[in-house]
Amino acid sequence: MTSAQLPLESPPATPPPSGHHNHPEKWEWYHYFLYNVDHKVIGIQYLVTAFFFYLVAGLMALFMRAELATPNPDVLDPNVYNTLLTNHGTMMIFFWVVPAAIGGFGNYLVPLMIGAKDMAFPNLNAIAFWLNPIAGIFIGISFYFGGAQAGWTSYPPLSLVTNNLGQSFWILTLITVGTSSILGALNFLVTIYKLKIPDMRWDELPLFCWAMVATSLLALFSTPVLAIGLILLFFDINFGTGFFRPEMGGDVVVYQHLFWFYSHPAVYLMILPIFGVMSEIVSTHSRKPIFGYKAIAYSSLAICLVGLVVWVHHMFTSGTPAWMRMFFSIATLIVAVPTGVKVFSWVATLWGGKIRLVTPLLFAVGLLAMFVFGGLSGVTLGTPAFDLHAHDTYYVVGHFHYVLFGGSVFGLYGAIYHWFPKITGHMYNETLGRIHFGLTFIGTNLTFLPMHNLGLAGMPRRVALYDPQFEDLNKLCTYGSMILGVSILPFLINMIWSWGWGEPAPRNPWRALTLEWQTTSPPAIENFDEDPIVWAGPYDYGIDTQSFEEEELSVDEMLAEVGQEMK
Amino acid sequence: MAKKKETIPSSLLTLTIGIAVAAFSVWYGQNNHLLPEQLSSQAPLVDDLFNIMLCIATALFLLVEGTIIYTLIRFRHRPGDETDGEYIEGNFSLEVFWTAIPTFIVIVLGIYGVQVYNQMGGFDTVGQVAHHHHQHQVQLASLPADESNPMLLAERPEYGVGATPVEGLTPPDLEVDVLGMQYAWIFTYPSLGITSGELHVPMGQDIKLNITAQDVLHAFWLPQFRLKQDAIPGQPTQLRFVATKSGHYPIVCAELCGAYHGGMRSEIVVHEPDEFVTWISENQVAQNPDLEQAVALRTDGDRLQDYTTQMGLDATTVQAALKQP
Ligand SMILES: [Cu+2]
């Protein structure tokens, strides 16, 4: 696996003065508000911007839950309710999970993990980020004019006849973030392919990078199709065309195909990078090699490929011929296999480890627990016969929140805690982190579990008013959402306080093996003061227990030895 | 890898847990009470499928979650222990096993799901009936269906749930035209000359709904019948079913259709056959269907009445909608 005795670590904290470059020693706070081509600055810009939108979209959800606490539409105007439900979805997907996972962690980690100084196209990278604030302005304008109200799916004809101005700016918003996503995807593929240090074999590439390869391929293939659908919709609204106007011979179902051809893969855009994060966190904090490296890497690619041909399962009740319902049902069910492989591999990684129940691992395990549930309910929805009943009900709402909140958002939290020491150079507070996890885990299950019962019993989604028989369970969901609202507080306090005043973090507080932990915390401007060295595979934990007679040393011994040499 | 065996509990314990999980899963699959009453001939098929999926899902859920919890406790880090876990990179046969088992499960589920879908009438849409038309010309020619349902001859693709294999090529006993509009369902009985804001059907008869939408997408959902089909402007869709029990049940719009989408409700009234005849005669007496009442009747309770006016629904809009082709 590895040969020992390679120098890797210079003493923590101060970087050697030899590393002189043309830019400042370190970035000042205002650099983070300006155009900057450093992938780490861009990563942080993505993360912080995305988190801001997460708070906004979360607040929208709390207002919706307040409305749904009682059967009557008595809290919000029904138009406002529809604005909230549309923009909650839009922002959570396009302004939070996608930019935070791909733009944020992808940018911050990929160059560090492959030992590069920066992304392949730093300027393109910065442009891709700055498209996001522009999109934010667009959605703000859309909101000012009353907002889009036709759901994040924006199916015509409803999207053609409802609040045209708000809808038009919503379309501009999505095209802008879509462009950003295409530019980013291209950059990741070229970066990983060209800038990986030659010492690193392809089967030593961290699994997060493999996940980013799959994610980027998917984004490149599918995003343009969404753009096409939205541009046609924009023309229909503003320029009198009739692509989706039935009275002019248009076809409303074609829009649904164009939309879901992107938007189903978008689900994988939101979860594949998180799967990558999972592999890093689970292996590091259970101190065990990842179980089935190749299976995990290939299953990402398998999900990426099969994920391109499952979109019609969102349209089983629409204008969909029977053969399509059959084909896409089988394809959908097959996605469960590579996903299951990942889940089993992570459980097997935990099995036999020395599991440290630190906050990142708690979130990773929480993700695992809830993703299993969301995945199983997803399989049930893959059969058209059952989907005819469950489609567009709260069962679906419960299902995708288990996958996207219990999955993606838990993964993002886990990633934030895991790389917080690296990004900020400070340790976070473990107690606050655990409280945050506890509240989030309870809140998530209380909010989203009863939704399954509601949907099966007959409550449709996207309603501001509902039958009184559903009131009790809805109250439960609303209480859960309040816990989720409160759960944000320990997180915010922890982040702000730790970033400013937290205990300084060493280079490698987790004794992890991927390359980003070889540099200082936070890393120097061009990442590595000395060229990083691949002296072990990314998950080669536990080599000490295996090779008593061989020359190989344990991670600790190597670290200690190298530390000695440097002194 | 050899060491791994020590950590696996004794086979007896595993067997006991396995039997307990299996027993609970089978029981929960059959006794979950998650779905509402069964009102159509298709509902038991869907529910059987759901119950089996739930049974498998429960077993997998318990096994995986149980393993996770056990692992977290059994392999938690002990203070002072700074060594790493065992160096295990994988286990080929184990990986093959957990790839093969889910593959097998989803393939079986997929085949079973398609079969259920076929039994529900998913594949026998009108287009296919028309396809077989020539072979059964005599049979069909004698039926009035040719006139009342031009679709039969037009070979237009039609979406939804059609005749079940049992019903075969027989035309439905009753056809109802369903029109979705913001925010009401209008039901027209072409053969009876009745228009109504509620759907009245006789029990035990083969009903076919021809569904369209006037303005935006709606979805016609009968939760107790386990049937749902979008109402699409410009593209006719259908649902075909046999109601198996009399009573009043909700009709729900399941596709976001505007501000009062949540208020777009109606009722399906399943009559005993003789009751249905009474209903027909009562409603045919009034030559002009009382549309004001149709609108008033469209909700299943007074609770929603206040919103009816806000929604901008009155007899004129309904009349205008019905005049459209
Ligand atoms: Cu509707």
Side-chain angles (χ1 to χ4, degrees), chain A residues 78-79 82 151 155 157-158 246 252 286-289 291-292 295 317-322 326 329-330 333-334 336-337 340-341 344 347 350-356 365 368-369 372-373 376 380 383-386 388-389 391-392 453 456-458 460 462-466 541-543 545-546, chain B residues 7 34-36 46 49-50 53 57 60-61 64-65 67-68 71-72 75-77 81 84-90 95 98-99 102-103 106 109-110 113-114 116-117 120 122-123 125 157 159 216-217 219 223 226-230 232-235 252 254-263:
Chain A
N79 289 305
N82 282 0
Y155 280 179
L158 185 64
V252 296
S286 59
R287 312 301 307 163
K288 249 193 85 207
F291 193 96
T317 69
S318 180
T320 310
M326 182 171 67
S329 165
I330 306 285
L333 294 177
I334 284 173
V337 176
V341 166
F344 297 138
V347 175
L350 289 168
W351 186 277
K354 307 273 166 98
I355 302 167
R356 277 139 174 96
V365 171
L368 208 50
V372 168
F373 189 87
L376 291 169
T380 64
T383 57
F386 172 68
L388 289 192
H389 178 63
H391 179 71
D392 264 334
N453 302 58
L456 292 176
R462 296 172 159 174
V463 292
L465 63 165
Y466 57 86
Y541 302 105
I543 35 181
T545 56
Q546 192 198 34
Chain B
T7 58
L34 289 169
L35 291 159
V46 177
L49 172 67
F50 176 73
M53 289 194 294
L60 287 173
F61 179 83
V64 177
E65 304 285 350
T67 312
I68 293 173
T71 309
L72 286 186
F75 300 106
R76 70 184 185 280
H77 169 238
D81 179 4
D84 286 347
E86 265 183 86
Y87 186 80
I88 300 167
E89 278 190 301
E95 286 170 55
W98 70 43
T99 311
T103 309
V106 297
L109 263 187
V114 167
V116 168
Y117 184 62
M120 291 171 71
F123 291 109
T125 47
Y159 309 120
V216 299
L217 290 170
R226 313 287 189 271
L227 290 174
K228 186 185 289 123
Q229 175 58 49
D230 285 6
I232 307 169
Q235 290 182 31
V252 182
E255 180 67 62
L256 179 63
C257 60
Y260 296 94
H261 162 56

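To find a chain, count down the sequence lines: A is the first, B the second, and so on, and within it residues start at 1. None of these values were measured; they are calculated from a predicted model.
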Does any backbone or side-chain atom of [X] lie under 4.5 Å from a heavy atom of chain A? Answer side chain, backbone, both or neither.
| X | answer |
| --- | --- |
| B/L217 | both |
| B/L34 | both |
| B/Q229 | both |
| B/E255 | both |

Under 4.5 Å from a heavy atom of chain B, the part of [X] involved:
| X | value |
| --- | --- |
| A/A336 | side chain |
| A/V365 | side chain |
| A/L158 | both |
| A/T320 | backbone |
| A/T317 | both |
| A/N82 | side chain |

In terms of heavy-atom contacts, B/Q235 and B/Y159 come closest through OE1-CE1, 3.3 Å

Largest heavy-atom contact set with chain B, pairs under 4.5 Å, which of A/G151, A/A457, A/A385, A/S286: A/A385

When B/P36, B/A219, B/G113 are compared by non-hydrogen pairs under 4.5 Å with chain A, the top option: B/P36

Strictly distance-based, threshold 3.5 Å: is any side-chain N or O of A/R356 a donor or acceptor partner for the main-chain N or O of A/K354? yes

